[in-house]
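The structure appears below as structure tokens.
Whatever order the structure lists them in is the order used to number ligands and atoms, beginning at 1. Just so you know, residue 1 is the first one in the sequence shown, and it goes up from there.
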Amino acid sequence: MAYDPLLPFNDLPDLPPNINYYQPKIVRALAAAARNLGELKGLCATLPDPLLLLNTLVLQESRDSSAIENIVTTQDELYRASLEETTHNSSAKEVLNYREATYAGLARMQSQHNLIVVNTLIGVVQTIKQNRSAVRQAPGTNLRNGATGQIMYTPPCCEDVIRQKLSALEQFINEDDPNGPDPLIKLALIHHQFEAIHPFLDGNGRTGRILIALYLVQQTLLPQPVLYLSRYINLYRTDYYRLLREVTERDSWTEWIVFMLNGIEQTAQLTTSKIRRILALMNEIESDMRQALRSSYNPDLLRIMFMQPYLKIDLLVRNELAHRQTAAIYLKKLAEARILTANPIGKTIYYVNQRLLDILAD
Ligand SMILES: Nc1ncnc2c1ncn2[C@@H]1O[C@H](COP(=O)(O)OP(=O)(O)OP(=O)(O)O)[C@@H](O)[C@H]1O
Ligand SMILES: [Mg+2]
């Protein structure tokens, strides 16, 4: 029967599709993606403190990924919210949930012999949505064109069919077939399949984007989840939606795979250059700090300025970097030396590592 976007697509085939993975277009894009990703991996391996940049990179991605879902926060709201126990800003809260979901997914994968299973993904969506999301049980979910409201795709329905397809996907993700496609090509196939199954009522895009980051770590293509495609997807979102659809409608896997490989290539390049710029900034700030603080220079303070671009006295105290009074003096001196920018909001003075924020947002 011909494909009909108005009917649940229960004929969605399991992976992998039967295509030639050695076409020149794919081979070229794969080589470029692998080269750039390898460079990023190499750079990550040289970091003196591998976790140093993770927090800010993940938070930046959380912001970009949530923006695709129209959850918009300013850097300022987000970083201030990330310092507090609770926040009243609902968009910032959702972005922070996304970050938590990334970490929770990673922890779950690593505690389960590096397997990515259906429950890993359910855990991720539940953390993003802060609810008890589960596989869709009732019909009625479809994907519409945002402008016209026209139904573009109706995912499979319902729970049994979805569970069956998810379990096939789970097997494809975790199996190590030496004759199968390259892991980076698999990544493109997996992302499409997950979105096409569309197992949840909401949050499928965000969960699918976290899945990409987890898969790269699972495949040891990266030591930490630092490669994120949201910026690329946002930039080329019309192509992204069109290509997703054309795989279903016309089996145009080649274009889809090349699109995703180009995304990996471009994003890896961008992330490498971002990390290099951050490391250079860190050197610069270190020498400025040594001058400003003299004998009270403390490398842990430098470290926290790069893990958390918004500082306040409480945070230094909480992290046992200094007692309240000393912490206040440190921050004041750093502001006077124009290393940090003092930004008073209400009763609190935030001390902002603005140059780091500029690189992150660039
Ligand atoms: N034609 C299509 N076929 C398969 N998947 C699609 C199609 N069009 C869009 N999608 C996927 O559906 C996702 C949106 O689904 P959903 O609203 O559940 O996720 P979200 O995380 O809430 O939203 P968003 O991805 O917009 O942030 C898109 O990100 C995209 O990956
Ligand atoms: Mg949504």
Please write down residue, atom name and distance for the protein heavy atom closest to [atom].
{"atom": "atom 11 (C) of ligand 1", "answer": "E195 OE1, 3.5 Å"}
{"atom": "atom 15 (O) of ligand 1", "answer": "H198 CE1, 3.1 Å"}
{"atom": "atom 28 (C) of ligand 1", "answer": "Y241 CE2, 4.0 Å"}
{"atom": "atom 3 (N) of ligand 1", "answer": "Y153 CD2, 3.8 Å"}
{"atom": "atom 20 (P) of ligand 1", "answer": "E69 OE1, 3.4 Å"}

Ionic contact status for E61 with R209, cut-off 4.0 Å: no
Task: Pair E39 + R276: basic N to acidic O under 4.0 Å - done: yes
- request: Go through D239 and R242 one step at a time and tell me if the salt bridge (charged side-chain N to carboxylate O under 4.0 Å, His left out) criterion holds.
  value: CA-CA 5 Å; D239 291 329; R242 177 179 54 81; 3.1 Å; yes
Should the proximity of [X] to ligand 1, defined as any heavy atom under 4.0 Å, be assigned to the side chain, the backbone, both, or neither?
{"X": "D202", "value": "both"}
{"X": "M152", "value": "neither"}
{"X": "Y240", "value": "side chain"}

- Query: Does some non-hydrogen atom of G208 fall short of 4.0 Å from ligand 1?
  - Reply: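 False for this residue.
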Closer than 4.0 angstrom: is that true for some heavy atom of T248 and an atom of ligand 1?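 No, T248 has no heavy atom closer than 4.0 Å to ligand 1.
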Discussion item. Any side-chain to backbone donor/acceptor pair from Q193 onto P13? Under 3.5 Å, distance only.
Written reply: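 Yes, Q193 side chain to P13 backbone: donor-acceptor pair under 3.5 Å.
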query = Taking atom types as modelled, is there a side-chain donor on T254 or Q23 under 3.5 Å from an acceptor on the other?
reply =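 Distance-only check passes for T254 and Q23.
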Problem - Exercise: do Q266 and N262 side chains pair donor with acceptor under 3.5 Å - result: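 Looking only at side-chain atoms, N262 and Q266 do not form any donor-acceptor pair under 3.5 Å.
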| task | Write the atom name of the N, O or S atom in D202 that is nearest the Mg ion (ligand 2). | result |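 Restricting D202 to its N, O and S atoms, the minimum distance to the Mg ion (ligand 2) goes to OD1.
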Checking salt bridge (charged side-chain N to carboxylate O under 4.0 Å, His left out) between E94 and each of R99, K129, R206, which is the one that passes?
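Running salt bridge (charged side-chain N to carboxylate O under 4.0 Å, His left out) over R99, K129, R206 with E94 returns exactly one hit, R206.
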Geometric class of the H191/W256 ring pair [parallel <30°, tilted 30-60°, perpendicular >60°]:
parallel
